[in-house]
> 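Take this structure first; my questions come after.
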Amino acid sequence: MAEFVPEKNTTPFFLTLRLCRQNIYEVQFSEAKDMNYVETKRFRCSNGEGRNYTVIEQMRTSRRSVNTRTDYVTEEGDVAERLDDGSFLLLLSNEVIRVS
């Protein structure tokens with residue numbers, strides 16, 4: 001898994017991908033200085049060709065708001081969307097992976 005280490009005196013940002021229309025995504029960068037991430041679960045998954053993935057479920061909370069949000073990302077850094085209890089969609093490759 002790649003790790004990003006920011007330079008000193010830089011503000012961290014997070015990236016949000018949102019499906020607008022079929023295969024078209026909206027990209028939004030926002031400051032993450034008031035965000036906290038807590039890992040809640042890990043899912044062992046595989047695609048149709050047998051490649052294994054680990055999808056990490058994270059709860060994102062803000063110190064300024066009571067709203068929480070669940071994000072999914074693979075150990076390799078690919079953003080995923082949960083389709084149902086047994087499958088995820090990798091957003092950039094448009095690949096469906098299933099929980100093993």
> Kindly work out whether a path of hydrophobic side-chain contacts (I/L/V/M/F/W/Y, heavy atoms less than 4.5 Å apart) joins Met59 to Val73.
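No, it is not one cluster - the side chains of Met59 and Val73 are not joined through contacts under 4.5 Å.
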> Can you measure from OG1 (Thr70) to CZ (Arg60) and round to the nearest 0.5 angstrom?
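Rounded to the nearest 0.5 Å, the OG1-CZ separation comes to 10.0 Å.
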> For Ser46, what residues pass the side chain to side chain donor-acceptor pair (under 3.5 Å) criterion, not counting sequence neighbours?
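Result, side chain to side chain donor-acceptor pair (under 3.5 Å) vs Ser46: none returned.
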> Quick one: pull up CG in Asn47 and CG in Leu90 and give me the separation to the nearest 0.5 Å.
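Here the interatomic distance stands at 8.5 Å.
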> Please identify each residue that fulfils salt bridge (Lys or Arg N to Asp or Glu O under 4.0 Å) with Arg98, with sequence neighbours left out.
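Counting only residues at least two positions away or on another chain, Arg98 forms no salt bridge (Lys or Arg N to Asp or Glu O under 4.0 Å).
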> Could you measure the distance from the CD atom of Glu39 to the CG atom of Asp71? Nearest 0.5 Å is fine.
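Going from the CD atom of Glu39 to the CG atom of Asp71 covers 12.5 Å.
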> Rounded to the nearest 0.5 Å, what's the gap from CG on Leu92 to CG on Asp78? Could you check?
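Leu92 CG to Asp78 CG: 6.5 Å, rounded to 0.5 Å.
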> Residues two or more places apart in sequence or in another chain: which of them pass side chain to side chain donor-acceptor pair (under 3.5 Å) with Thr40?
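By the side chain to side chain donor-acceptor pair (under 3.5 Å) rule, Thr40 matches Glu57.
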> To the nearest 0.5 Å, what is the distance between OG1 on Thr54 and CD on Glu75?
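The OG1 atom of Thr54 sits 4.0 Å away from the CD atom of Glu75.
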> What pairs with Arg82 under side chain to side chain donor-acceptor pair (under 3.5 Å), at least two apart in sequence or on another chain?
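So Arg82 forms no side chain to side chain donor-acceptor pair (under 3.5 Å) with any residue.
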> Roughly how far, to the nearest 0.5 Å, is OH of Tyr72 from CZ of Phe88?
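Between Phe88 CZ and Tyr72 OH, I get 5.5 Å after rounding to 0.5 Å.
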> How far apart are the closest heavy atoms of Ser87 and Val99, and which atoms are they?
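Heavy atoms only, the tightest pair is N-CG2, 4.4 Å.
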> Test of understanding: with ring pair (Phe, Tyr, Trp, His ring centres under 6.0 Å), list the residues that count as partners of Tyr53, not counting sequence neighbours.
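Once residues adjacent in sequence are excluded, Tyr53 has no partner under the ring pair (Phe, Tyr, Trp, His ring centres under 6.0 Å) criterion.
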> Do Arg44 and Asn52 touch side chain to side chain, with heavy atoms closer than 4.5 Å?
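SC-SC contact between Arg44 and Asn52 ruled out.
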> Restricting to salt bridge (Lys or Arg N to Asp or Glu O under 4.0 Å), what partner residues turn up for Glu49, sequence neighbours left out?
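With sequence neighbours excluded, Glu49 shows a salt bridge (Lys or Arg N to Asp or Glu O under 4.0 Å) to no residue whatsoever.
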